[in-house]
K.L.:
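Just dropping this structure here.
Order of the sequence lines sets the chain letters (A, B, ...), proteins ahead of strands, with each chain counted from 1. Here the structure is a predicted model, which means the values were calculated and not measured.
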Amino acid sequence: MNKSNSKRRAAEQYLLSLLDTCDSIPKLHQAQAHLLKLGLHSNPLVLTKFTSTSSSLSSLSSSLSLLFSPFSSPHLYDSFLFNTLIRSLAHSSLPSFNLLAISYFSLMLRRRLLPNKFTFPFLLKAIAAAPSPHLLGPQAHAAAIKFTFADDLFVRNTLIHMYSCCSGGFHSARKVFDGMPKTNVVSWSAMIGGYVRSGLSNEAVALFREMQVSGVRPDEVTVVAVLSACADLGALELGHWIKSFVERERIPKTLPLCNALLDALAKCGDIDGALKVFVEMPERSIVSWTSVIDGLAMHGRGREAVAVFEEMRTAGVVPDDVVFIGVLSACSHAGMVDEGRRYFTSMKSEFGIEPKIEHCGCMVDLFSRAGMVEQAMEFVQSMPMSPNPVIWRTLISACRVHGKLELGESITRNLLADEPMHGSNYVLLSNVYALSRRWEKKSEIRKVMSKQGIKKVPGCSLLEFNGEIHEFIAGDELHSKYRDVFDMVEEMGRKLKLAGYVPVLSEVLLDIDEEDKEDALHQHSEKLAIAFALLKTAPRTTIRIAKNLRVCADCHLATKFISKVYDRDIVVRDRNRFHHFRDGLCSCRDFW
DNA sequence: GTAGGGTTAG
């Protein structure tokens, strides 16, 4: 070995060990300076190490500035360096970096470097994280086949993940999954997670059960995915079952697992169980705090939510924009107008966080619920961004509840012009008309809807019974299996009336006579679910229901009566929040 | 040196 070669070798070794000691970005920058001084800017070994170090310190731009520098010689790069680069860029949460990963793959091919079995998992991960995975994903799949790596277990598992990140891609994901001669825990977790991502939580739970039958042992990642499904479904029994499963199977209680558990319990109605998980967590991230605050907000426990936020600040955790959504919605659900205002102002002044439309939406809701419709309107006019349909719908509900019918009507007309195919907008307008007793206008709406083929989203309520999740859909055909359920709804109606209940007919969309309207109300999904629970469950046990829409005025009133007449606690999670019905009253204090 | 996972207005 000649002298200059051994000198270069020594420099290379020095830098590699220097990079090993880099545990902060300033140290990384020092190493970068040494690297340039020693002329190692084209050394693939050093550049690879530098890339993976800068990636683990979330400072990939340092590495990119080196690789893109005019001094570097990309012709020296090997497959290993490209793999490292693609992996590091795929790992980033910035879409532009994910895209860069994909372009490095092309560059690699242009330089006639062969991808190996490690390349495709990295590439597919980048594609999954980048915008429009459905465009590049199938091409990458074809490339994996061409280079004979498509049968590799790691590649297939990442294919499942990639396809399930494409909208509607769970079919393709399932095809890959079903075609695998051998699967492992990652394949199952990826598929279960894919179902959750597509909003198919029931399928996710079903696949989890299949996984257990097949003898593949779930791990902490599987459990996190199943817990998200659980949170989505509001399946408390399943949530509790998973909790004991984790204990029994000694599945490591990682931070994401505890966060998922805490979030699922809160979203399934066991907020105190969620708080217990939170208190016992050995370490917490901002996600843990946010889940607790959101959970308390959903249960109308705004004071406690705000207290938790203050505790978080005392603990030295820096708030982000997401946690403020929880704080503001807590204030709104608990009628804490002044606090809400203060927190909103503090976002920018104290924490330098620019409010987004979601935060403004919380403020509009805060004023609206408190009956301050004018302030809500003024707030909308002073927002730095233009209002979106969510904001308009919040305002319209406020107009309806607080009797500002003309304003409500004019806003709804604008909204209908923006979103003519959105069924819930017509429902809102129809309800405004019903309150102002303009029946002819109301029936006009119905005609427009049927003419244009605009459909209402059907109401759907979920209820767990005997370890199964039962689904009730509003206006479902009278199924023979549920004959007794419909009879029970009729009987409930009679009993409630004796107790003083008067059906609220104004929200029925159909242009039919009063008696038929009452029948239509009887078919609302939560009434079916409650009737089922009254028939099947032991006296005085709590009834828990999760539904997809907001509770309608009639079901809200009826459920209050049911809780008293039948002596049951009834917990309903609707689109927005929890309602705890007990002894004729609701925890939302009729504010929802 | 490889894959799957946690919070987000109404």
Side-chain angles (χ1 to χ4, degrees), chain A residues 48-49 51-52 55 79-81 83-84 86-88 90 116-125 128 149 152-162 164-165 173 177 183-194 196-197 218-228 231 254-264 266-267 284-295 297 320-330 332-333 355-366 368-369 388-398 424 428 549-550 574-577 592:
Chain A
T48 304
K49 180 78 185 168
T51 302
S52 59
S55 155
S79 292
F80 200 110
L81 175 55
N83 283 352
T84 308
I86 295 168
R87 177 186 52 177
S88 305
N116 58 23
K117 65 173 182 172
F118 297 102
T119 314
F120 284 97
F122 302 150
L123 172 69
L124 290 165
K125 193 183 168 139
F149 298 115
D152 180 81
L153 181 61
F154 286 82
V155 174
R156 291 202 197 204
N157 287 344
T158 328
L159 279 170
I160 296 173
H161 171 70
M162 181 277 293
S164 77
C165 288
F177 180 77
T183 56
N184 65 3
V185 59
V186 178
S187 332
W188 290 85
S189 306
M191 197 58 231
I192 292 171
V196 177
R197 195 173 300 111
D219 66 8
E220 70 277 15
V221 181
T222 325
V223 166
V224 168
V226 179
L227 282 168
S228 333
T254 57
L255 179 61
L257 187 142
C258 291
N259 286 343
L261 180 60
L262 135 69
D263 186 59
K267 290 204 170 103
R284 298 166 186 158
S285 66
I286 182 96
V287 176
S288 335
W289 292 94
T290 304
S291 287
V292 172
I293 291 169
D294 284 341
D320 64 5
D321 57 330
V322 182
V323 77
F324 269 108
I325 296 174
V327 172
L328 294 175
S329 97
S332 144
H333 286 292
K356 295 207 248 185
I357 195 144
E358 290 88 343
H359 304 100
C360 295
C362 290
M363 293 308 285
V364 176
D365 191 53
L366 176 86
S368 296
R369 279 177 202 274
N388 62 9
V390 177
I391 303 255
W392 291 128
R393 281 193 280 272
T394 305
L395 266 178
I396 295 162
S397 296
S424 75
L428 276 174
L549 305 174
R550 271 171 58 160
D574 75 2
R575 209 187 157 75
N576 294 349
R577 59 166 295 153
W592 81 96

K.L.:
Look at all strands and tell whether Arg550(A) reaches a base, only sugar-phosphate, or nothing, counting heavy atoms closer than 4.0 Å.
P.N.:
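Since only primed, P, OP1 and OP2 atoms lie under 4.0 Å of Arg550(A), the category is sugar-phosphate.
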K.L.:
Under 4.0 angstrom, heavy atoms only, what part of the nucleic acid is Lys49(A) near: base, sugar-phosphate, or nothing?
P.N.:
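If one applies the 4.0 Å heavy-atom cut-off, Lys49(A) turns out to touch nothing in the nucleic acid.
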K.L.:
The side chain of Arg575(A) is closest to which nucleotide in this list: dG5(B), dT7(B), dG10(B)?
P.N.:
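Nearest nucleotide to the side chain: dG10(B).
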K.L.:
Less than 3.5 Å apart, any donor N or O on the side chain of Ser291(A) or Asp294(A) sitting next to an acceptor on the other?
P.N.:
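No, Asp294(A) and Ser291(A) have no side-chain donor paired with an acceptor closer than 3.5 Å.
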K.L.:
What nucleic acid atoms does Val185(A) come within less than 4.0 Å of, heavy atoms only: base, sugar-phosphate, or nothing?
P.N.:
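Answer is base: heavy atoms of Val185(A) come under 4.0 Å of a base.
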K.L.:
What's the closest nucleotide to the side chain of Thr158(A) if the choices are dG10(B), dT7(B), dA3(B)?
P.N.:
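The listed nucleotide nearest to Thr158(A)'s side chain is dA3(B).
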K.L.:
Check the phosphate of dG5(B) against Lys125(A), side-chain N and O only, distance under 4.0 Å to OP1 or OP2. Yes or no?
P.N.:
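Result: no.
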K.L.:
Judged by atom type as modelled, is there a donor-acceptor pair below 3.5 Å linking the side chain of Ser189(A) to the main-chain atoms of Val185(A)?
P.N.:
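Yes, Ser189(A) side chain to Val185(A) backbone: donor-acceptor pair under 3.5 Å.
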K.L.:
Answer with base, sugar-phosphate or nothing: what part of the nucleic acid does Thr254(A) contact at a heavy-atom distance below 4.0 Å?
P.N.:
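Base contact - Thr254(A) has a heavy atom under 4.0 Å of at least one base atom.
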K.L.:
For Phe149(A) and dT2(B), give me the distance from atom CZ to atom P, rounded to whole Å.
P.N.:
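So the two atoms are 16 Å apart, to the nearest Å.
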K.L.:
Going by centres under 5.5 angstrom and planes under 30 degrees, do the aromatic ring of Phe154(A) and the base ring of dT2(B) stack?
P.N.:
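Yes; by the centre-distance and plane-angle rule, Phe154(A) counts as stacking on dT2(B).
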K.L.:
Relative to each other, are the rings of Trp188(A) and Phe177(A) parallel, tilted or perpendicular (30° and 60° limits)?
P.N.:
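Trp188(A) vs Phe177(A) ring planes: perpendicular.
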K.L.:
Asp365(A): which residues meet the salt bridge (charged side-chain N to carboxylate O under 4.0 Å, His left out) condition with it, sequence neighbours left out?
P.N.:
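Partners of Asp365(A) under the salt bridge (charged side-chain N to carboxylate O under 4.0 Å, His left out) test: Arg369(A).
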K.L.:
Does dG5(B) have its OP1 or OP2 closer than 4.0 Å to a side-chain nitrogen or oxygen of Arg197(A)?
P.N.:
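For dG5(B), OP1/OP2 do have a side-chain N/O of Arg197(A) under 4.0 Å.
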K.L.:
Tell me which nucleotide among dG4(B), dT7(B), dA9(B) gets nearest to the side chain of Val186(A).
P.N.:
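Of dG4(B), dT7(B), dA9(B), dG4(B) is nearest to the side chain of Val186(A).
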K.L.:
Could you tell me the separation between the CG atom of Asp263(A) and the P atom of dG5(B), rounded to a whole number of Å?
P.N.:
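Rounding to the nearest Å, CG of Asp263(A) and P of dG5(B) are 16 Å apart.
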K.L.:
What contact category does Leu255(A) fall into here, base, sugar-phosphate, or nothing, at under 4.0 angstrom with non-hydrogen atoms?
P.N.:
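The residue Leu255(A) makes base contact.
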K.L.:
Over all heavy atoms of both residues, which pair between Ile192(A) and Thr222(A) is shortest? Give the atoms and the distance, please.
P.N.:
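Here Ile192(A) and Thr222(A) meet closest at CD1-CG2, 3.9 Å.
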K.L.:
Confirm from the modelled atom types if Asn184(A) and dA3(B) form a donor-acceptor pair under 3.5 Å, side chain to base only.
P.N.:
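Pair found.
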K.L.:
Under 4.0 Å from OP1 or OP2 of dG1(B): is there any side-chain N or O of Lys117(A) that close?
P.N.:
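No.
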K.L.:
Rounded to whole angstrom units, what separation is found between the CG atom of Leu257(A) and the P atom of dG4(B)?
P.N.:
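For the pair Leu257(A) CG and dG4(B) P, the rounded distance is 18 Å.
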K.L.:
So, is His333(A) close to the dG10(B) phosphate, meaning a side-chain N or O under 4.0 Å from OP1 or OP2?
P.N.:
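For His333(A), the contact criterion (side-chain N or O under 4.0 Å from OP1 or OP2 of dG10(B)) is met.
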K.L.:
Just jot down the ring pair (Phe, Tyr, Trp, His ring centres under 6.0 Å) partners of Phe118(A), sequence neighbours excluded, or say none.
P.N.:
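Counting only residues at least two positions away or on another chain, Phe118(A) forms no ring pair (Phe, Tyr, Trp, His ring centres under 6.0 Å).
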K.L.:
Give the nucleotide from the list dT7(B), dG5(B), dT2(B) with an atom nearest to the side chain of Asp152(A).
P.N.:
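Of the options given, the side chain of Asp152(A) lies nearest dT2(B).
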K.L.:
Could you work out which one of dG1(B), dA3(B), dA9(B) sits closest to the side chain of Pro121(A)?
P.N.:
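Between dG1(B), dA3(B), dA9(B), the one nearest the side chain of Pro121(A) would be dA3(B).
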K.L.:
Could you state the NE2-P distance from His359(A) to dG10(B), rounded to the nearest angstrom?
P.N.:
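Going from His359(A) (NE2) to dG10(B) (P), I get 12 Å.
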K.L.:
Quick one: which of dA9(B), dG4(B), dG10(B) gets closest to the side chain of Val221(A)?
P.N.:
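When the side chain of Val221(A) is considered, dG4(B) is the closest of dA9(B), dG4(B), dG10(B).
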K.L.:
Remember a base hit wins even if backbone is also touched, and classify Asn576(A) as base, sugar-phosphate or nothing at under 4.0 Å, heavy atoms.
P.N.:
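Touches a base.
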K.L.:
Identify which nucleotide among dG5(B), dG1(B), dG4(B) has an atom closest to any side-chain atom of Glu220(A), counting heavy atoms from C-beta outward.
P.N.:
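Comparing dG5(B), dG1(B), dG4(B) against the side chain of Glu220(A), the answer is dG5(B).
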K.L.:
Taking only the side-chain heavy atoms of Asn83(A) (C-beta and beyond), determine which of dG1(B), dT7(B), dG4(B) contains the nearest atom.
P.N.:
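Out of dG1(B), dT7(B), dG4(B), the nucleotide with an atom closest to Asn83(A)'s side chain is dG1(B).
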K.L.:
Please confirm whether the backbone N or O of Ala330(A) pairs with a side-chain atom of His333(A), one donor and one acceptor, at under 3.5 Å?
P.N.:
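Checking the backbone N and O of Ala330(A) against the side chain of His333(A), no donor-acceptor pair under 3.5 Å is found.
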K.L.:
Figure out the CG/C1' separation between Leu153(A) and dG4(B), and round it to whole Å.
P.N.:
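Nearest whole value for this atom pair: 11 Å.
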K.L.:
For dG1(B), is there a stacking contact with Phe80(A), counting only centres under 5.5 Å and planes under 30°?
P.N.:
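Stacked: centres under 5.5 Å apart, planes under 30°.
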K.L.:
Students often get this wrong, so: under 4.0 angstrom with heavy atoms, is Asp219(A) touching a base, only sugar-phosphate, or nothing?
P.N.:
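The residue Asp219(A) makes base contact.
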K.L.:
Nearest whole Å is fine: how far is dG5(B) P from Met162(A) CE?
P.N.:
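About 14 Å, once rounded to whole Å.
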K.L.:
Under 4.0 Å between any heavy atoms, over every strand shown, what does Asp574(A) touch: base, sugar-phosphate, or nothing? Just pick one.
P.N.:
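Result for Asp574(A) = nothing.
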K.L.:
Heavy atoms only, 4.0 Å cut-off, all strands: where does Ser187(A) land among base, sugar-phosphate and nothing?
P.N.:
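Contact class for Ser187(A): none.
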K.L.:
Within the modelled atom types, does a donor on one side and an acceptor on the other bring the side chain of Thr222(A) and the base of dG5(B) under 3.5 Å apart?
P.N.:
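No.
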K.L.:
Given the structure, check if the side chain of Thr394(A) and the base of dG10(B) hold any donor-acceptor pair shorter than 3.5 Å.
P.N.:
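Answer no: no donor N or O sits under 3.5 Å from an acceptor.
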K.L.:
Report the distance from atom CG of Leu123(A) to atom P of dG1(B), rounded to the nearest whole Å.
P.N.:
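Rounding to the nearest Å, CG of Leu123(A) and P of dG1(B) are 21 Å apart.
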K.L.:
Ignoring hydrogens and geometry, is there a side-chain-to-backbone donor-acceptor pair from Thr119(A) to Asn116(A) under 3.5 Å?
P.N.:
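Yes, because the side chain of Thr119(A) sits within donor-acceptor range (under 3.5 Å) of the backbone of Asn116(A).
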K.L.:
Could you check which of dG10(B), dA9(B), dG4(B) has an atom nearest any side-chain atom of Glu358(A)?
P.N.:
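Output: dA9(B).
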K.L.:
Quickly work out the Leu227(A) CG to dG5(B) P distance and round it to whole Å.
P.N.:
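Whole-Å distance recorded here is 14 Å.
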K.L.:
For a quick check, tell me whether the side chain of Asp321(A) and the base of dA9(B) share a donor-acceptor pair closer than 3.5 Å.
P.N.:
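Counting by modelled atom types and ignoring angles, no donor-acceptor contact under 3.5 Å is found here.
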K.L.:
Can you tell me if the side-chain N/O atoms of His161(A) get under 4.0 Å from OP1 or OP2 in dG4(B)?
P.N.:
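So the side chain of His161(A) is within the cut-off, an N or O lying under 4.0 Å from OP1 or OP2 of dG4(B).
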K.L.:
Contact class for Ile357(A) vs. all strands (heavy atom < 4.0 Å): base, sugar-phosphate, or nothing?
P.N.:
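Base, at least one base atom sits under 4.0 Å.
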